[in-house]
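One structure is given here, and the rest of the page talks about it.
All values reported here derive from a predicted model rather than from experimental measurement.
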Amino acid sequence: MNGSTVLGLLLARAGGARLRRGPWLLSLAEGYRWPFPTGSAFTVGDVVVSRYQVAALQQRLPGLLVHEEVHARQWACCLGLPFLPLYLASMAWSWLRTGDRAARSVFERHAGLAAGGYRELPVRRWRDGLAALLGRAPRPRQSAA
């Protein structure tokens, strides 16, 4: 209804992926050839796009399709395209706080970090995240002596 699945189908086709039906009303697009976005799989609307065969990915990550199905519902809850800037902001927040694009992303955490092949990471100080963003070495922590 919101156009995001059509966008996913167009993106998958443009990237050379082969489409097939998947579970939970998902479409699976395998053999995607474009280098961006990175990752084993990503979801646009109800389309799970991957460079690989989904069955092979599921051997390594058994919860992957459940994880991607949660992302499909997130697209729906965000009414389609507003999901993109919200997801990008969530990735930026995660990177600032951990140095990783997924560990503190609200969308990835809600979908299950481990199911998507991500790991939990400790939160870093704001100052360290900003220093990394600016290309500066973080200041050492002062001991409470």
Side-chain angles (χ1 to χ4, degrees), residues 1-140:
M1 296 285 271
N2 60 37
S4 58
T5 297
V6 172
L7 176 63
L9 292 169
L10 291 172
L11 181 65
R13 282 289 187 198
R18 294 170 308 283
L19 289 163
R20 66 181 177 92
R21 297 188 89 177
W24 312 301
L25 303 175
L26 294 173
S27 293
L28 306 180
E30 300 167 313
Y32 181 75
R33 293 187 295 240
W34 289 354
F36 185 82
T38 61
S40 299
F42 62 94
T43 300
V44 179
D46 288 334
V47 183
V48 178
V49 183
S50 178
R51 290 172 184 72
Y52 312 102
Q53 298 295 313
V54 172
L57 285 176
Q58 285 187 283
Q59 289 179 349
R60 189 171 50 94
L61 297 167
L64 180 67
L65 276 184
V66 172
H67 175 91
E68 297 301 335
E69 197 275 336
V70 172
H71 286 318
R73 300 299 68 90
Q74 291 168 344
W75 275 90
C77 288
C78 292
L79 303 176
L81 292 179
F83 176 80
L84 284 176
L86 293 170
Y87 185 83
L88 291 173
S90 178
M91 283 177 54
W93 169 258
S94 179
W95 186 88
L96 182 67
R97 298 300 287 152
T98 67
D100 178 81
R101 64 185 172 90
R104 286 289 161 190
S105 163
V106 66
F107 294 104
E108 294 299 345
R109 294 181 74 78
H110 181 254
L113 287 176
Y118 303 112
R119 58 193 170 107
E120 185 77 42
L121 293 173
V123 174
R124 63 185 175 183
R125 296 181 303 172
W126 279 95
R127 183 181 336 187
D128 295 344
L130 290 173
L133 180 65
L134 299 173
R136 299 181 186 152
R139 292 187 202 170

Counterpart residues, side chain to side chain donor-acceptor pair (under 3.5 Å), relative to [X] (two or more places apart):
X	value
E120	R104, R109
R60	S40
S94	none

Taking all non-hydrogen atoms of both residues, which atom of [X] and which atom of [Y] are closest, and how far apart?
X	Y	value
A41	V48	CB-CG1, 4.2 Å
L57	S50	CD1-OG, 3.2 Å
A103	T98	CB-OG1, 3.8 Å
P23	L65	CG-CD1, 3.8 Å
V47	A29	CG1-CB, 4.2 Å

Between atom CD of Q59 and atom CG of L64, what is the distance when rounded to the nearest 0.5 Å?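 One finds 12.5 Å between CD of Q59 and CG of L64.
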Taking only residues two or more places apart in sequence or in another chain, which ones pass side-chain contact (heavy atoms from CB on, under 4.5 Å) with N2?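 With neighbours one apart ignored, the set is S4.
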Among residues two or more places apart or on two chains, list those pairs meeting ring pair (Phe, Tyr, Trp, His ring centres under 6.0 Å) that have a residue in residues 36-58.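 Every ring pair (Phe, Tyr, Trp, His ring centres under 6.0 Å) pair that includes a residue of residues 36-58, provided the two are not neighbours, is Y32-F42.
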Where does the angle between the aromatic ring planes of Y118 and H67 fall among parallel (under 30°), tilted (30 to 60°) and perpendicular (over 60°)?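 Aromatic pair Y118/H67 classed tilted.
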Once ring pair (Phe, Tyr, Trp, His ring centres under 6.0 Å) is applied, do any residues pair with W24, and if so which ones, sequence neighbours excluded?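 Checked W24 against ring pair (Phe, Tyr, Trp, His ring centres under 6.0 Å); zero matches.
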Pairs satisfying salt bridge (charged side-chain N to carboxylate O under 4.0 Å, His left out), at least one member in residues 72-91, at least two apart: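 Sorted result for residues 72-91: D46-R73, E69-R73.
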Once salt bridge (charged side-chain N to carboxylate O under 4.0 Å, His left out) is applied, what residue pairs with a partner in residues 85-101 remain, sequence neighbours excluded?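 Checked against salt bridge (charged side-chain N to carboxylate O under 4.0 Å, His left out) - neighbours excluded - no pair reaches residues 85-101.
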Please set out all donor-acceptor pairs under 3.5 angstrom arising from side-chain atoms of residues 74-92, sequence neighbours excluded.
from : atom 1 : to   : atom 2 : distance (Å)
Q74  : OE1    : H71  : ND1    : 2.6
Q74  : NE2    : F107 : O      : 3.1
Q74  : NE2    : H110 : ND1    : 3.3
W75  : NE1    : T43  : O      : 2.9
Y87  : OH     : E108 : OE2    : 2.5
S90  : OG     : S105 : OG     : 2.7
S90  : OG     : V106 : N      : 3.0

Side-chain donor/acceptor pairs under 3.5 Å, residues 9-21, sequence neighbours excluded:
from : atom 1 : to  : atom 2 : distance (Å)
R20  : NE     : E30 : OE1    : 3.0
R20  : NH2    : E30 : OE2    : 3.2

Any chance CG of L25 has more than 12 other-residue heavy atoms, nucleotides or ligands included, within less than 6.0 Å?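 Atom CG in L25 is not crowded, with 12 or fewer foreign heavy atoms closer than 6.0 Å.
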